[in-house]
Amino acid sequence: MAIGVFDSGVGGLTVHRELTRRFPTRDLVYLADQANAPIGSRSGEEIVEITRNGCERLFQAGASVVVLACNTASAVALRRLQQTWVAEAAVRHGRPLNVLGIIVPTIEAATGLPWTYEAERLGDKVEAIDITGVFCTAATAISRVYEIEIDKRREDLAVFSEPCPGLAGLIELGAPTEELRVVVADHVDALRRRIGRHPDTAILGCTHYEIVADLFAAALPDGTTLIHQPSAVADALERYFARHPEYALGDRGRRTFLTTGKTGPQSDRVSQFWGAPLAFEAA
């Protein structure tokens with residue numbers, strides 16, 4: 001049994017690495033659905049189907065809980081899978097199963113409030129407004145999940161999403177740092193021009209972007225706080241497992257890396273991020 005981590009490519013490794021630090025003795029299995037990447041520009045039904053297939057493969061590999069280390073899958077597919085598919089999958093596999101996303105922990109980190117909290121609307125004028133920028137895929141931006149869910153909890157936070165089409169693909173392919181630096185700076189400047197100033201807080205709303213978090217930090221002013229999804233997800237998962245001891249997670253510290261795409265070593269950028277060469281097996 002294991003913790004499963006799903007992403008369309010290598011971006012979810014940012015979450016996986018933090019989970020290995022937080023749960024060093026737990027077994028983890030990672031699936032990069034590189035054959036279907038990128039999914040950020042696909043239709044909603046395609047995203048749901050791709051995510052369901054990925055979760056099923058991880059359940060077959062022994063995962064009891066799958067973390068969708070992909071903002072697009074979490075925004076578009078998670079609720080559908082939880083409401084219409086997970087219970088059936090648990091019966092079919094004969095053990096407790098669940099699928100969790102990364103947006104809820106990110107919103108909790110960005111607002112400083114639990115997911116269950118909803119602000120009471122009193123109609124009073126809000127004097128101070130802080131701005132949160134979300135750099136994300138087109139599908140995540142279209143879903144408006146960050147705007148909607150943060151507004152439910154904090155009237156004093158204004159949220160603006162900046163879709164970054166193609167950026168995840170460049171990171172996946174191991175594009176040169178200077179090329180990525182230009183693309184990141186262009187999106188940071190596009191957001192600045194749209195809202196009239198830089199955001200006070202920035203969310204890297206695609207796990208691929210965490211691999212180049214240093215480029216976002218360099219393009220943003222020193223005063224802008226970056227919300228790091230991997231640590232927020234690990235915090236939330238630690239609390240979740242404390243409440244749900246029914247999930248078998250393994251205790252051998254096993255690490256398995258699967259891909260639906262090209263097997264073997266990944267790009268030099270991934271190796272640099274991971275700290276060692278990393279090879280994927282066929283899913």
Side-chain angles (χ1 to χ4, degrees), residues 5-15 31-58 66-86 99-107 109-110 132-152 159-173 175 180 183-184 186-188 190-191 194-195 199 202-213 216 227 229-230 232-233 259-261:
V5 180
F6 172 79
D7 186 34
S8 60
V10 299
L13 290 171
T14 59
V15 173
L31 174 60
D33 193 4
Q34 293 171 309
N36 289 305
I39 67 171
S41 59
R42 291 178 178 265
S43 71
E45 287 303 316
E46 286 180 302
I47 293 168
V48 171
E49 182 66 15
I50 288 168
T51 306
R52 178 168 51 236
N53 290 340
C55 292
E56 177 61 29
R57 180 65 186 87
L58 284 166
V66 171
V67 179
L68 300 183
C70 171
N71 284 266
T72 300
S74 296
V76 178
L78 178 61
R79 183 169 294 182
R80 275 270 298 276
L81 297 186
Q82 288 177 332
Q83 293 178 343
T84 67
W85 179 73
V86 170
V99 179
L100 304 174
I102 60 175
I103 289 177
V104 169
T106 305
I107 289 173
T132 297
V134 182
F135 298 96
C136 57
T137 66
T140 301
I142 290 169
S143 76
R144 300 193 75 248
V145 63
Y146 283 103
E147 288 89 336
I148 292 168
E149 297 299 341
I150 289 177
D151 181 66
K152 285 181 182 178
V159 182
F160 295 86
S161 291
E162 170 65 19
C164 307
L167 178 55
L170 289 173
I171 297 168
E172 185 80 22
L173 294 172
L180 292 169
V183 173
V184 168
D186 284 347
H187 283 297
V188 168
L191 182 63
R194 184 150 57 88
I195 62 182
I203 295 171
L204 302 185
C206 171
T207 51
H208 279 79
Y209 303 171
E210 190 71 28
I211 294 176
V212 294
F216 277 97
I227 302 294
Q229 287 193 304
V233 172
T259 181
T260 60

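The structure displayed is predicted, hence computed values, not measured ones.
- Considering only heavy atoms from C-beta on, Phe135 stays 4.5 Å or farther from Val184 through its side chain.
- Within the 3.5 Å criterion, the main-chain N or O of Ala35 finds a donor-acceptor partner in the side chain of Thr260.
- By the 4.5 Å heavy-atom criterion applied to side chains, Thr132 and Pro199 are not counted as neighbours.
- Between Val66 and Cys55, the shortest heavy-atom contact is CG1-SG, 3.9 Å.
- For Pro38, there are no side chain to side chain contact (heavy atoms under 4.5 Å, CB included) partners at least two apart in sequence or on another chain.
- The distance from the CG atom of Leu68 to the CG atom of Leu58 is 9.5 Å, given to the nearest 0.5 Å.
- Between the CG atom in Asn71 and the CG atom in Asp7 there is a gap of 9.0 Å [rounded to 0.5 Å].
- Between the CD1 atom in Ile47 and the OG1 atom in Thr137 there is a gap of 7.0 Å [rounded to 0.5 Å].
- In terms of heavy atoms, Gln229 sits closest to Leu204 at OE1-O, 3.2 Å.
- Of the inter-residue distances, the one linking Asp33 atom CG with Thr51 atom OG1 reads 8.5 Å to the nearest 0.5 angstrom.
- By the side chain to side chain donor-acceptor pair (under 3.5 Å) test, Arg52 pairs with Glu49, sequence neighbours left out.
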Name every donor-acceptor pair, under 3.5 Å, that has one atom in a side chain of residues 164-172 and the other anywhere in the protein, sequence neighbours excluded.
{"residue": "Glu172", "atom": "OE1", "partner": "Val10", "partner atom": "N", "Å": "2.9"}
{"residue": "Glu172", "atom": "OE1", "partner": "His208", "partner atom": "NE2", "Å": "2.6"}
{"residue": "Glu172", "atom": "OE2", "partner": "Val10", "partner atom": "N", "Å": "3.4"}
{"residue": "Glu172", "atom": "OE2", "partner": "Gln34", "partner atom": "NE2", "Å": "2.7"}

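- Every residue two or more places apart in sequence or in another chain that forms a salt bridge (charged side-chain N to carboxylate O under 4.0 Å, His left out) with Glu162 is listed here: Arg194.
- Between the side chain of Ser74 and the main chain of Ile103, no donor-acceptor pair closer than 3.5 Å is present.
- Side chains of Val159 and Val134 form a contact here, defined as non-hydrogen atoms less than 4.5 Å apart.
- Between atom OG1 of residue Thr106 and atom CD1 of residue Ile150 there is a gap of 9.0 Å, rounded to the nearest 0.5 Å.
- Looking at Thr259, its side chain does come within 3.5 Å of a backbone N or O of Ala32 through a donor-acceptor pair.
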### Query
What's the verdict on side chain to side chain donor-acceptor pair (under 3.5 Å) for Glu147 and Ser161, showing C-alpha distance, side-chain angles and the deciding distance?
CA-CA 8 Å; Glu147 288 89 336; Ser161 291; 2.9 Å; yes
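- In this structure, CZ in Phe6 is found 8.5 Å from CG in Asn53, a value given to the nearest 0.5 Å.
- In this structure, Gln82 contributes its side chain and Val99 its backbone to a donor-acceptor pair below 3.5 Å.
- Remark: Tyr209 engages no residue in a side chain to side chain donor-acceptor pair (under 3.5 Å) (not counting sequence neighbours).
- With Ile102 as reference, Val233 is the one residue of Leu78, Val233, Ile107 to meet the side-chain contact (heavy atoms from CB on, under 4.5 Å) rule.
- Residues forming a salt bridge (charged side-chain N to carboxylate O under 4.0 Å, His left out) with Arg42 (at least two apart in sequence, or on another chain): Glu46.
- When all heavy atoms of Ile39 and Ser8 are compared, the pair lying nearest together is CG2-CB, 4.1 Å.
- Of the possible donor and acceptor atoms, one in the side chain of Thr207 sits under 3.5 Å from a partner among the backbone N and O of Ala69.
- Looking at Cys136 and Thr72, their side chains never come closer than 4.5 Å, going by heavy atoms from C-beta outward.
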